[in-house]
Enquirer: 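The structure's right below; bear with me while I get my questions together.
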Amino acid sequence: MTAALSLPMQQLVVVPVLLALATAALTLLLGERRRASAAVLSLASTLAGLALTIALLLWVDRQDAPAAFGVYLPGNWPVPFGIVLVLDRLSALMLVLAASAGLAALLFSLAHWHRAGVYFHPLLHLQLMGLYGAFLTADLFNLFVFFEVLLAASYGLLMHGGGGARVRAGLHYIAINLVASLLFLIGVALLYGVTGTLNMADIAHKLAHVPDSDRGLLHVGAAILAIAILAKAAVWPLNFWLPPAYAAAGAPVAALFAILTKVGVYAVLRLWTLCFPASAGASALFGGEVLVWGGLTTLAFGAVGMMASQQLARLAGYSVIASSGTLLAAIGFGAPALSAGALFYLASSTLAGSALFLLVELMERARDVEVAPLPDYGDRLPDFLDAEPPHDTNLDDEEEVLIGRAIPAALAFLGLTFMLCALAVAGLPPLSGFVAKVAMLSALLDVHAGAAGAAAGWTLFGLLVVSGLIAAMALVRVGIRDFWAPQDRPAPRLRVIECVPIGLLLAASLLLVLRGEPALAYMRATADALQQPQRYIGAVFGARPVTRDLSSGADAGAGGRGAP
């Protein structure tokens with residue numbers, strides 16, 4: 001039987017959205033003159049949001065049932081007429097990743113970025129509100145609303161700090177997302193015309209009863225909606241906007257943007273497994289081949305882009321594209337074991353990508369440290385060129401000992417964290433990217449059928465290996481340029497508040513490795529639940545509005561809002 005949240009936990013489903021909304025409003029009221037107070041409030045709210053999302057994930061993980069659901073009816077209307085928020089294993093995972101990226105971005109911004117422009121804190125929390133709502137909503141129109149909330153906030157965040165490069169990239173970013181939003185509305189309208197509902201569970205329930213005469217229109221609406229969502233997921237060829245936009249954004253903004261493409265991947269995973277499972281009759285696995293081959297092409301494009309990039313910021317952007325392609329291709333097979341490995345990879349790539357974007361600014365700062373100019377000796381050679389070379393080969397030109405010289409702490413931190421990020425992004429041992437790729441490769445050995453067939457399975461197998469090698473080579477090239485090649489420049493100045501979020505993100509990635517078996521078990525349970533859409537449908541339709549007994553003044557009925 002499907003487990004349901006107890007009443008106290010049931011009310012917490014909506015709290016992440018309300019908390020982010022309230023924080024955005026309060027920081028806006030505080031204004032720019034009380035930015036320090038806004039920063040304290042913003043930090044407290046983000047920490048509370050992360051703690052809450054972790055608590056919800058741990059509650060879901062403790063349930064014995066394959067799928068645990070918390071259904072909340074904000075307007076207290078019966079399903080499917082009102083807004084519905086649903087918490088399950090997948091949405092709980094995405095909430096934690098969004099809160100983690102948000103906290104890392106906020107901590108890093110406290111060094112100076114939150115003062116680079118106006119309304120940073122309200123925009124950050126509006127973005128978090130949109131992310132939380134998109135992961136919790138069970139309604140297509142409200143999915144569009146939360147998409148627009150997070151996109152509207154991202155427009156302001158992308159251009160935070162000003163500059164011609166950010167404005168140009170921001171205009172392209174806005175244009176492509178406005179077109180995608182228009183397609184989203186068209187797709188939703190067509191689906192509503194065919195099914196008469198916008199509730200995801202209700203759509204999935206009614207698809208089997210759609211007459212054959214309307215089946216073509218249904219597929220057209222789903223295809224248009226998919227184009228809009230895949231554009232947000234940065235699938236090729238709709239991803240030309242991503243590298244310049246992410247490279248132009250400020251470091252904390254880009255770190256938060258690392259999860260934006262995952263919103264598109266989440267929407268694909270949620271809608272495709274819910275509405276077009278293998279049991280959907282004539283619409284079974286509709287679009288599966290497009291997901292697989294589109295994902296494979298995106299993965300290859302991202303890998304080539306990483307090798308061709310000369311700037312670390314653009315390389316990080318192409319790594320996001322490659323991770324999105326990997327996830328879409330793995331999802332398209334409809335195999336639970338492969339989807340479990342892909343979900344583990346989703347968590348790993350999001351944490352590593354956010355950390356890499358934060359490192360970009362610090363590494364660029366290290367390269368831009370000014371070196372004092374050499375004195376002008378005129379026609380006379382300096383004394384150290386006229387002097388005899390030192391007899392001890394362990395001394396440098398200034399007769400200082402070379403062996404045992406300490407590496408500056410800032411350079412040591414940058415080198416270590418960059419190495420860990422490179423290992424995670426490339427999928428090399430011993431970090432979480434390697435565990436995720438091994439899980440997917442093992443599952444692919446057993447995938448010989450499905451939506452795309454064995455050829456696509458072996459193609460994905462090869463691309464996972466080759467793309468990892470290409471990513472490793474591209475990142476090693478950056479490491480050689482920044483850390484290995486001799487450079488006469490002093491160590492950069494790093495602030496503790498800039499180093500802490502990078503360390504926390506990489507620590508979370510290491511924790512995924514140390515707790516690899518429980519994490520993989522969670523991902524397997526999530527993938528199994530996604531392959532059984534009737535559980536989701538039953539949980540949503542089992543929710544009942546709260547009724548009140550006027551004679552006693554007590555709530556009656558189902559025992560709590562949204563309780564099944």
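Numbering starts at 1 and runs along the sequence shown. Bear in mind the structure is a predicted one, so any value in this text is a computation, not a measurement. Note that these values count all heavy atoms, side chains included, but never hydrogens, waters or copies made by symmetry.
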Enquirer: Is it the case that Arg115 places NZ or CZ above or below the six-membered ring of Phe120, under 6.0 angstrom from the centre and within 45 degrees of the axis?
Expert: no

Enquirer: Rounded to the nearest 0.5 Å, what separates atom CD1 in Ile83 from atom CG in Asn142?
Expert: 4.5 Å

Enquirer: With rounding to the nearest 0.5 Å, note down the distance linking CD in Glu148 to CG in Leu178.
Expert: 7.5 Å

Enquirer: Got Leu90 and Leu269 here, is their nearest side-chain heavy-atom distance under 4.5 Å?
Expert: yes

Enquirer: Verify the distance criterion only: is there a donor paired with an acceptor across the side chains of Ser432 and Ser509 at less than 3.5 Å?
Expert: yes

Enquirer: Mind checking whether Leu475 and Leu315 have side chains closer than 4.5 Å, heavy atoms only?
Expert: yes

Enquirer: Report the distance from atom CG of Leu506 to atom CG of Leu416, rounding to the nearest 0.5 Å.
Expert: 8.5 Å

Enquirer: Within a strict 4.5 Å, meaning less than it, do heavy atoms of the Asn177 and Lys232 side chains meet?
Expert: yes

Enquirer: If I compare all heavy atoms of Ala352 with all of Val425, which pair ends up nearest, and what's the gap?
Expert: CB-CG2, 4.1 Å

Enquirer: What are the two closest non-hydrogen atoms of Val253 and Leu157, and how far apart are they?
Expert: CG2-O, 3.5 Å

Enquirer: Just to verify, which of Tyr155, Trp241, Tyr246 counts as forming a ring-ring contact (aromatic ring centres under 6.0 Å, His included) with Phe257?
Expert: Tyr246

Enquirer: Verify whether one side chain among His121 and Ser42 offers a donor that lies under 3.5 Å from an acceptor in the other.
Expert: yes

Enquirer: Step by step, work out the side-chain contact (heavy atoms from CB on, under 4.5 Å) result for Ser100 and Leu50.
Expert: CA-CA 7 Å; Ser100 301; Leu50 177 60; 3.7 Å; yes

Enquirer: Would you name the heavy atoms of Tyr522 and Arg89 that are closest together and state the gap between them?
Expert: OH-O, 2.7 Å

Enquirer: Nearest 0.5 Å, what's the CG-CZ distance between Asp88 and Phe135?
Expert: 12.0 Å

Enquirer: Between CZ of Phe108 and CD1 of Ile497, what distance do you get to the nearest 0.5 Å?
Expert: 10.5 Å

Enquirer: In Å and rounded to the nearest 0.5 Å, what is the OG1 to CG distance from Thr46 to Leu19?
Expert: 8.0 Å

